[in-house]
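Sequence lines set the chain letters: A, B, ... in the order given, protein chains first and strands last, and positions in each chain run from 1.
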2 protein chains.
Amino acid sequence: MTLEKTPKPTESELEILQVLWQQGPSTVRVVHEELSKNKEVGYTTTLKLMQIMAEKEMLEVDKSSRSHIYHPALEEEKTQQQLLGRFLDAAFRGSASKLVMQALGNSKTSKAELDEIRNLLDKLEGGSK
Amino acid sequence: MTLEKTPKPTESELEILQVLWQQGPSTVRVVHEELSKNKEVGYTTTLKLMQIMAEKEMLEVDKSSRSHIYHPALEEEKTQQQLLGRFLDAAFRGSASKLVMQALGNSKTSKAELDEIRNLLDKLEGGSK
DNA sequence: TTCATTTTACGAAACCATTCGTATATACTT
DNA sequence: AAGTATATACGAATGGTTTCGTAAAATGAA
């Protein structure tokens, strides 16, 4: 059985992952331009970061054309789940309900989304009746 | 109007804050012993961290007795709110409902807690009925 | 082919959190 | 008072991320 790593992307790495999850496989330039919308950053900085991420096996690279094409080696949902687990413990001492209450209380969430959540609640409570 | 900082405790700093939030004002020794339950760490390391946190004004210190007594300068809920906001953006691109669904789906939350959440949903949706 | 543009490669610097050794101060014990 | 234990103070080493300058390679244009 292969040793399962638990990748822990840094903040900058996560920004890059988000771009790639959203846009699909992309060149450094595309990622860099996307990041530049939110903050000042040098091209080679982005490049270096993505190269390091590839070394760490968080990204995979297609080097067949001159402009290498990167894509995430991590699934978005799995990664979110891991990050969430850590964050839950670190910030809310593991209390999921506290986290959920604060998340709902402090963000304008659409009625449709609230309904979706309510459905999930029904399913969860139904099972334990 | 005073300039409002947005403190960004690191992981280690957050661990210390959690102890202080939970136990109330404490000496370095008490905090250190609490931390030691979960991981190996030297006493002076904890001391130094807490001193740095005091410099950053995340903690306040009562130096009137030999063993200084530290307490958080930050409110637990406010801090959680800020951390949650950042985390939400970084990990879930701002989608609170996605975060909530994953948090609920992947943690055993008691019926009482689920009901509490349902109540909140009622209140939130009630307004738009 | 020559020149300009774009890309990757490499390495070093800057920065920051974390760790801890050692020194010094304070209080307690006998 | 002398010795022991416990506390704080200080400074430096470590380790990791982030940043970017510079060079080399690949491509495209004139």
Side-chain angles (χ1 to χ4, degrees), chain A residues 5-20 25-71 74 79 83 86-87 90-91, chain B residues 5-20 25-71 74 79 83 86-87 90-91:
Chain A
K5 294 164 288 246
T6 319
K8 204 188 177 192
T10 66
E11 217 172 297
S12 307
E13 288 170 343
L14 196 51
E15 285 175 358
I16 289 172
L17 282 172
Q18 294 291 6
V19 173
L20 292 174
S26 310
T27 61
V28 173
R29 176 136 313 267
V30 167
V31 171
H32 175 247
E33 247 135 47
E34 197 58 30
L35 294 185
S36 298
K37 291 179 184 169
N38 301 317
K39 62 170 185 179
E40 190 80 2
V41 60
Y43 175 83
T44 53
T45 302
T46 304
L47 170 66
K48 182 73 174 195
L49 256 174
M50 291 176 71
Q51 286 173 335
I52 290 172
M53 289 172 76
E55 261 174 34
K56 293 188 189 170
E57 295 183 317
M58 303 174 62
L59 300 184
E60 279 165 20
V61 199
D62 172 357
K63 297 186 173 174
S64 62
S65 54
R66 174 154 106 101
S67 296
H68 298 176
I69 295 172
Y70 291 77
H71 66 94
L74 309 174
T79 305
L83 293 173
R86 281 198 208 96
F87 177 75
Chain B
K5 293 164 287 246
T6 320
K8 205 190 177 191
T10 66
E11 217 172 296
S12 307
E13 289 171 342
L14 196 49
E15 284 175 359
I16 288 172
L17 283 172
Q18 295 291 6
V19 173
L20 291 174
S26 310
T27 61
V28 173
R29 176 137 313 268
V30 166
V31 171
H32 175 247
E33 247 136 46
E34 199 58 30
L35 295 185
S36 298
K37 290 179 186 170
N38 301 317
K39 64 170 183 179
E40 192 80 2
V41 60
Y43 175 82
T44 53
T45 302
T46 304
L47 170 66
K48 182 74 173 195
L49 255 175
M50 291 176 71
Q51 287 173 336
I52 290 172
M53 290 172 77
E55 260 174 36
K56 292 187 190 170
E57 294 183 318
M58 302 174 63
L59 300 184
E60 279 165 18
V61 199
D62 173 356
K63 296 186 175 176
S64 62
S65 55
R66 176 156 103 101
S67 295
H68 299 175
I69 294 173
Y70 292 76
H71 66 94
L74 310 174
T79 306
L83 293 172
R86 281 199 208 94
F87 178 74

Quiz prompt | Spacing of A:L47 atom CG relative to D:dT22 atom P, expressed in whole Å | solution = 17 Å
Quiz prompt | Straight-line distance of A:I69 CD1 to A:L59 CG, nearest 0.5 Å | solution = 13.5 Å
Quiz prompt | Residue-level proximity of residues 62-70 of chain B to DNA chain C when a heavy atom falls under 4.0 Å | solution = B:R66
Quiz item: To the nearest Å, how far apart are A:M53 CE and D:dG16 P?
Solution: 18 Å
Quiz item: At under 4.0 Å between heavy atoms, what does A:K8 touch on the DNA or RNA strands: base, sugar-phosphate, or nothing?
Solution: nothing
Quiz item: Does the side chain of B:Y70 reach to within under 4.5 Å of the side chain of B:M58, using non-hydrogen atoms?
Solution: no
Quiz prompt | Interface residues of residues 29-43 of chain B with DNA chain C (non-hydrogen, below 4.0 angstrom) | solution = B:G42
Practice problem: Under 4.0 Å from any heavy atom of chain B: name the first and the last nucleotide of DNA chain C that qualifies, 5' to 3'. | Solution: C:dA17 to C:dA27
Quiz item: Is any side-chain nitrogen or oxygen of A:S12 closer than 4.0 Å to OP1 or OP2 of D:dT17?
Solution: no
Practice problem: Check whether any side-chain heavy atom of A:R29 sits under 4.5 Å from a side-chain heavy atom of A:E33, and report yes or no. | Solution: yes
Practice problem: Identify the residue among A:E40, A:E15, A:Q18 that makes a side chain to side chain contact (heavy atoms under 4.5 Å, CB included) with A:L35. | Solution: A:E15
Quiz item: Does the side chain of B:P25 reach to within under 4.5 Å of the side chain of B:D62, using non-hydrogen atoms?
Solution: no
Exercise. May I have the distance from B:L49 (atom CG) to D:dC10 (atom P), rounded to whole angstrom?
Key: 17 Å
Quiz item: For the atom pair CE (A:M50) and OG1 (A:T45), what is the distance rounded to the nearest 0.5 Å?
Solution: 13.0 Å
Quiz item: Is there a side-chain contact between A:L49 and A:E13 (heavy atoms, below 4.5 Å)?
Solution: yes
Quiz item: Can you check whether A:S67 reaches A:V28 side chain to side chain, under 4.5 Å on heavy atoms?
Solution: no
Quiz item: Is there a side-chain contact between B:S36 and B:V41 (heavy atoms, below 4.5 Å)?
Solution: yes
Quiz item: Base, sugar-phosphate, or nothing for B:T10, non-hydrogen atoms under 4.0 angstrom?
Solution: sugar-phosphate
Practice problem: Taking only the side-chain heavy atoms of B:K48 (C-beta and beyond), determine which of D:dA9, D:dT19, D:dG11 contains the nearest atom. | Solution: D:dG11
Quiz prompt | Whether over 12 other heavy atoms sit under 6.0 Å from B:E57 CD | solution = no
Practice problem: Quick one: pull up OG1 in B:T10 and CG in B:L17 and give me the separation to the nearest 0.5 Å. | Solution: 9.0 Å
